[in-house]
Amino acid sequence: MPKQTPKRSKKTTTKKTVKKLPKNTPKIDPKNGETVGGAELPETAPKPEKNGNKSQYANKVKPYLADIARYIRCGLTEGQLCEYYNVGKTQWAQYKKKYPELNETLFKARQQFKTDLVNRAYEVAMGYEYEETSTVTYRDANGNVTSTKTTVNKRTARADGNMIQFLLINRFCGEFARDPQAIELRKKALELAERGVIPPDSEGSI
C-alpha cells in the first residue's frame, strides 16, 4: 500500500494591529532625544483638585470679597452670607482655613463694623447735628406742577441719657457698674478658677 503523507496542520497567525499616529505627531530622534518635525509636544496641564474646592471658591466666593466685606460692615453674620452665596457652613469654615484672604477680609470688616458702632454710639450719647431736607411742590388750578422748592434745615439731636449710661457701665464697669460688689465677686471667681482652686463651672463662677 502506498504511504500516505500526513496532512500538515495550517498554522493560524494573528496580525498585530498597529495604531498609526497622527500626521502632526513629532518624531523623536533616538540619538539626541530631540523632536524632528511635526508639532511641538504639549505641556502637561495642571491637575485639578479632587474635591473641586478651588474651583467652587473661585466661582462663589473670591469674586465677591469686596461685597462680603461690605455686608459684614452692615451687620450681616457669616451664616447669612453662607445662605446668600449658597455655600455650606462646613465648606465655609474650610475656605477660611485654606484661603487666608477670606479670613483676613472677614476680620478687617468686623473690626471696622465694631469701630463704626462705637463711634455711632458716642454720637448718640453726646448729641449730634444733622440736616433735614424738605421739598414743597406748587400746583396750579388744573393740578399741574408749576414749581418746587427745596429747603435744608439744620437740626440737633439731643444727648441720649440711656446711651451715656450704657457706655459708662460697659466701658468703665469698675467705676459705674450698678452693682460693684457683683463685679468684684466675678473677678475673684475668675482668679480662683485660673489658679485651679475651684472649677470654672462651680457656683459663684462665670
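Note that this is a predicted model, so its numbers are computed, not measured.
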Under 4.5 Å between side-chain heavy atoms, counting indirect links through other Ile/Leu/Val/Met/Phe/Trp/Tyr residues: same cluster for Phe172 and Ile164 or not? yes
Can you tell me how far apart CD (Glu129) and OG1 (Thr156) are? Round to the nearest 0.5 Å. 4.5 Å
Considering only NZ, NE, NH1 and NH2 on the basic side and carboxylate oxygens on the acidic side, decide whether Lys154 and Glu131 come within less than 4.0 Å. no
Looking only at heavy atoms, what is the nearest atom pair of Gln80 and Thr77, with distance? OE1-N, 2.9 Å
For Thr151 and Ser134, does a side-chain donor sit closer than 3.5 Å to a side-chain acceptor? yes
About how many Å separate CZ of Arg139 and OG1 of Thr148, when rounded to the nearest 0.5 Å? 10.5 Å
Minimum side-chain heavy-atom gap Tyr85-Tyr71 below 4.5 Å: yes
Please determine, by modelled atom types, if Gln112 and Asp116 share a side-chain donor-acceptor pair under 3.5 angstrom. yes
Kindly give the heavy-atom pair with the smallest separation between Ala109 and Ala69, and that separation in Å. CB-O, 3.5 Å
Working to the nearest 0.5 Å, report the span between CG of Leu167 and CE of Met126. 10.0 Å
Is a donor on one side and an acceptor on the other found under 3.5 Å between the side chain of Thr146 and the backbone of Tyr138? yes
Do Tyr64 and Tyr99 sit in the same hydrophobic cluster, where Ile, Leu, Val, Met, Phe, Trp and Tyr count as joined when their side-chain heavy atoms come under 4.5 Å apart? yes
Got a sec, which residues hit side chain to side chain contact (heavy atoms under 4.5 Å, CB included) with Ala93, two or more places apart in sequence or on another chain? none
Side-chain heavy atoms nearer than 4.5 Å, only ILVMFWY residues, links allowed to pass through others: does that put Leu106 and Tyr57 together? yes
Who are the side chain to side chain donor-acceptor pair (under 3.5 Å) partners of Glu104, not counting sequence neighbours? Lys108
Judged by atom type as modelled, is there a donor-acceptor pair below 3.5 Å linking the side chain of Lys149 to the main-chain atoms of Thr137? no
To the closest 0.5 Å, what do you measure between CZ (Arg70) and OG1 (Thr105)? 14.0 Å
Which atom pair, heavy atoms only, marks the closest approach of Ala125 to Ala159? O-CB, 3.1 Å
Non-hydrogen side-chain atoms of Thr150 and Thr133 separated by less than 4.5 Å: yes
Could you tell me whether the side chain of Asp140 reaches within less than 4.5 Å of the side chain of Val145, counting heavy atoms only? no
Which residues satisfy the salt bridge (charged side-chain N to carboxylate O under 4.0 Å, His left out) test with Lys89, sequence neighbours excluded? none
Interatomic distance, Asn103 atom CG to Lys97 atom NZ [nearest 0.5 angstrom]: 10.5 Å
Determine whether Val118 and Arg171 satisfy the following criterion, side-chain contact (heavy atoms from CB on, under 4.5 Å), listing intermediate values before the conclusion. CA-CA 11 Å; Val118 172; Arg171 287 282 179 170; 3.3 Å; yes
Between Arg110 and Glu78 (salt bridge meaning N to carboxylate O under 4.0 Å), is one present in this structure? yes
If you apply the rule side-chain contact (heavy atoms from CB on, under 4.5 Å), what do you find for Ile68 with Leu81, and how did you get there? CA-CA 8 Å; Ile68 289 173; Leu81 291 176; 3.7 Å; yes
Going through the checks in order, is the side-chain contact (heavy atoms from CB on, under 4.5 Å) test met by Tyr84 and Leu76? CA-CA 11 Å; Tyr84 181 76; Leu76 267 68; over 6 Å; no
Test item: Phe166 and Asn170 side chains (from C-beta on) under 4.5 Å apart, heavy atoms: yes
Just so I know, are the side chains of Val87 and Tyr95 near enough to count as touching, which here means a heavy-atom distance under 4.5 Å? yes
For the pair Glu101 and Leu65, evaluate side-chain contact (heavy atoms from CB on, under 4.5 Å) and give the outcome as yes or no after the intermediate values. CA-CA 9 Å; Glu101 58 183 358; Leu65 288 177; 4.1 Å; yes
Atom pair CZ/NZ of Arg73 and Lys114 - distance to nearest 0.5 Å: 15.5 Å
Report yes or no: do Leu117 and Tyr128 belong to one cluster of Ile/Leu/Val/Met/Phe/Trp/Tyr joined by side chain heavy-atom distances under 4.5 Å? no
When you measure from the side chain of Gln165 to the backbone N and O of Asn162, does any donor-acceptor pair fall under 3.5 Å? no
